[in-house]
Amino acid sequence: MLPALFTDLYELTMAYGYWKAGAAFAGQEAAFVLSFRAPPFGGGFTLAGGLAGVIDYLRGLRFTDDDLAYLATLPGNDGQPLFDRDFLDFLKRFEFTCDVDAVPEGTVVFPHEPLVRVQGPVIQAQLVETALLNCVNFQSLIATKAARVCLAAGGDPVVEFGLRRAQGPDGGLTASRSAYIGGCAATSNVLAGKRFGIPVSGTMAHSWVMLFESEVEAFHAYAGALPNNCVLLVDTYNSIQGVHHAIAAGRRLNQCGFQLAGIRLDSGDLAFLSIEARRLLDQAGFAATAIVASNDLDEHLIASLKQQGARINLWGVGTRLVTADRQPALGGVYKLAAWRRPGGNWEPRLKLSDQAAKTSNPGLLQVRRFFAGELFDGDAIHDLSQPIPQRFTIIDPADITRRKQFDPAAEFEDLLVPIFRRGELVYEPPALPEIRARARRQLARLHPTIKRLLNPHQYPAGLEQTLHERKMALILKWKGAPERAAS
């Protein structure tokens, strides 16, 4: 469970500012939306993750006496305490009472769509920004990377074993969980196996072989120690020779009533070596022995090896998966989208930017997903504070000439579901296997061209037409505001 101080200082200084303003913000509510601007890895989709962490954080959001004692030591530029004692007393009584809606983990999502919406007292809704972004950004990123790797593997099992290269202990655990959601069959991370119920898998390291006088002796010793889980790493000295030695160990296993489960290739020309290893294994009567490959694999290398006819049955993917190679962050943002005075109506808010992609979307945002048969047909981002249109037309935020209209009779689903109401959890988090199964079902409903690794087709996701028009009106209004012009 994340502590309340798992946040950036500016969340607390803004909360302090709201509190100091007193009557100016008394009773005011804000609606914040968490979204992202572009799919990672140059891909066509993103898998939502991290909601379980968001729930744990919000359920336990309290400032302890130790937290407050630390905050009392923080100085301002004049050397005086940064925060008044009365504000720290306010934090001591802090309770989270917001409404939270979110997209379930394992859902495919697209740029500018709200993944989480937080509505409630402005201080509360502001304070949770950093922790929510931390949970959702990283886990969505890794789940998406895993999905791409598993798609490239074409149904072959993928084992995540990046713990030793992960970004710290927490990064290793959350990466293992997220990779499982994305489709990995197992992990080498034993703690993740215990904590999340993920199947664990492992082989051996080169050091085992190097500590024996010969590779043959090392293989026989390992097979004797683990006859029911024997996968031999064959590339310590010479991969082809290692395959011959593994076959010898496998024959001794057969005599004891066991099978050689697999061999692992961890270096060299994996396409050539796997083809040759398969030939040798089959000739020796070990057709059921799997060939495992590792060595800095990612989706692109796996796809290339498949095209070359590599005879690999199981893929071990570590560093490039758990570190989200080529994409260090998802780039999720948390923006104010609406606010209201006590007893008033919701009023839209947006952030302007000279970069169109960074101009936020206003309103109480929801996503309506339309279906065409078994496939997803498109997503409409719309404003719940406005009447639901009879017919949905969406406009691409990046290109207003791209539009799509949906049949009023089309089947649809609203993606954000209630998670908290007035600070109380109303959502039953699914078990991890169900989240993983949801991700698999979601990916199956995307057109294959959207799942291409390179130059994917763009899924139709955009602003509902009325929301687009209101956004344009607000942009023109604020661009023409005196304080904007003066700057």
Side-chain angles (χ1 to χ4, degrees), residues 1-36 50 52-100 116-139 166-174 328-337 339 349 351 353 358 360 420 422-423 483 487:
M1 185 175 294
L2 297 175
L5 293 191
F6 187 76
T7 189
D8 291 313
L9 180 62
Y10 87 154
E11 311 291 7
L12 288 163
T13 56
M14 284 189 288
Y16 184 49
Y18 296 138
W19 178 82
K20 289 279 282 188
F25 287 97
Q28 286 193 15
E29 292 183 287
F32 284 85
V33 166
L34 191 159
S35 62
F36 64 96
V54 168
I55 291 171
D56 285 347
Y57 166 72
L58 295 177
R59 290 181 73 182
L61 184 53
R62 299 287 187 277
F63 288 89
T64 68
D65 289 342
D66 283 347
D67 294 338
L68 300 173
Y70 170 71
L71 293 178
T73 69
L74 298 182
N77 291 334
D78 59 357
Q80 297 302 305
L82 185 61
F83 300 117
D84 288 351
R85 173 56 60 181
D86 287 346
F87 176 66
L88 299 181
D89 289 341
F90 166 80
L91 291 181
K92 186 173 184 177
R93 301 187 301 272
F94 180 91
E95 291 186 14
F96 184 74
T97 61
C98 292
D99 291 349
V100 178
V116 182
R117 188 181 69 243
V118 180
Q119 298 171 226
V122 63
I123 291 179
Q124 297 180 31
Q126 180 73 71
L127 268 174
V128 301
E129 173 186 7
T130 298
L132 267 58
L133 284 169
N134 180 273
C135 290
V136 173
N137 274 339
F138 180 69
Q139 296 188 52
Q167 317 294 29
D170 180 67
L173 279 173
T174 54
L330 178 63
V333 294
Y334 185 85
K335 297 299 181 185
L336 178 68
W339 74 292
R349 283 290 184 270
K351 172 196 174 294
S353 173
K358 287 194 171 185
S360 63
F420 287 89
R422 298 187 60 81
E483 60 271 24
S487 66

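Reckoned from all heavy atoms, side chains included, excluding hydrogens, waters and symmetry mates.
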Does the side chain of [X] reach to within under 4.5 Å of the side chain of [Y], using non-hydrogen atoms?
| X | Y | result |
| --- | --- | --- |
| Val100 | Val116 | yes |
| Val118 | Tyr334 | yes |
| Val122 | Leu336 | no |
| Ile123 | Phe90 | yes |
| Leu91 | Leu12 | yes |
| Val128 | Cys98 | no |
| Lys335 | Val33 | no |

**Message:** According to side chain to side chain contact (heavy atoms under 4.5 Å, CB included), who are the partners of Thr64, at least two apart in sequence or on a separate chain?
**Reply:**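 Thr64 satisfies side chain to side chain contact (heavy atoms under 4.5 Å, CB included) with Asp66, Asp67 once adjacent residues are dropped.
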**Complete:** Residues at least two apart in sequence or cross-chain that pass side chain to side chain contact (heavy atoms under 4.5 Å, CB included) with Phe138, listed by chain then number, are Ile142, Thr174, Ala175
Measuring from [X]:[atom1] to [Y]:[atom2], what's the distance to the nearest 0.5 Å?
| X | Y | atom1 | atom2 | answer |
| --- | --- | --- | --- | --- |
| Leu132 | Thr7 | CG | OG1 | 10.0 Å |
| Arg93 | Leu88 | CZ | CG | 11.0 Å |
| Leu68 | Arg85 | CG | CZ | 7.5 Å |
| Thr13 | Leu74 | OG1 | CG | 11.0 Å |
| Asp86 | Lys20 | CG | NZ | 9.0 Å |
| Leu82 | Asn77 | CG | CG | 9.0 Å |

**Prompt:** Which residues satisfy the side chain to side chain donor-acceptor pair (under 3.5 Å) test with Glu129, sequence neighbours excluded?
**Reply:**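 Scan of Glu129 (side chain to side chain donor-acceptor pair (under 3.5 Å), adjacent residues dropped) gives Tyr10, Gln126.
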**Item:** Among Tyr18, Trp19, Trp339, ring pair (Phe, Tyr, Trp, His ring centres under 6.0 Å) partner for Phe25
**Value:**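 Only one option passes, and that is Tyr18.
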**Complete:** The ring pair (Phe, Tyr, Trp, His ring centres under 6.0 Å) partner of Phe63 among Tyr70, Phe87, Phe94 is Phe94
Closest heavy-atom contact between [X] and [Y]?
| X | Y | result |
| --- | --- | --- |
| Ala30 | Ala125 | O-CB, 4.3 Å |
| Gly172 | Ala166 | CA-CB, 3.5 Å |
| Ala69 | Thr73 | O-CG2, 3.3 Å |
| Cys135 | Leu2 | SG-CD1, 3.9 Å |
| Pro81 | Ala72 | CB-O, 4.4 Å |
| Phe83 | Leu9 | CZ-CD1, 4.3 Å |

**Prompt:** Under 6.0 Å from the NZ atom of Lys92, do we count more than 12 heavy atoms belonging to anything else shown?
**Reply:** no
**Prompt:** Would the number of heavy atoms belonging to other residues, nucleotides or ligands and lying under 6.0 Å from CZ of Arg59 be above 12?
**Reply:** no
**Asked** Is it true that a side-chain atom of Asn137 and a backbone atom of Gly332 form a donor plus acceptor pair closer than 3.5 Å?
**Response** yes
**Prompt:** Short question: side chain of Glu29, backbone of Gln119 - any donor-acceptor pair under 3.5 Å?
**Reply:**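 No: the side chain of Glu29 does not pair with the backbone of Gln119.
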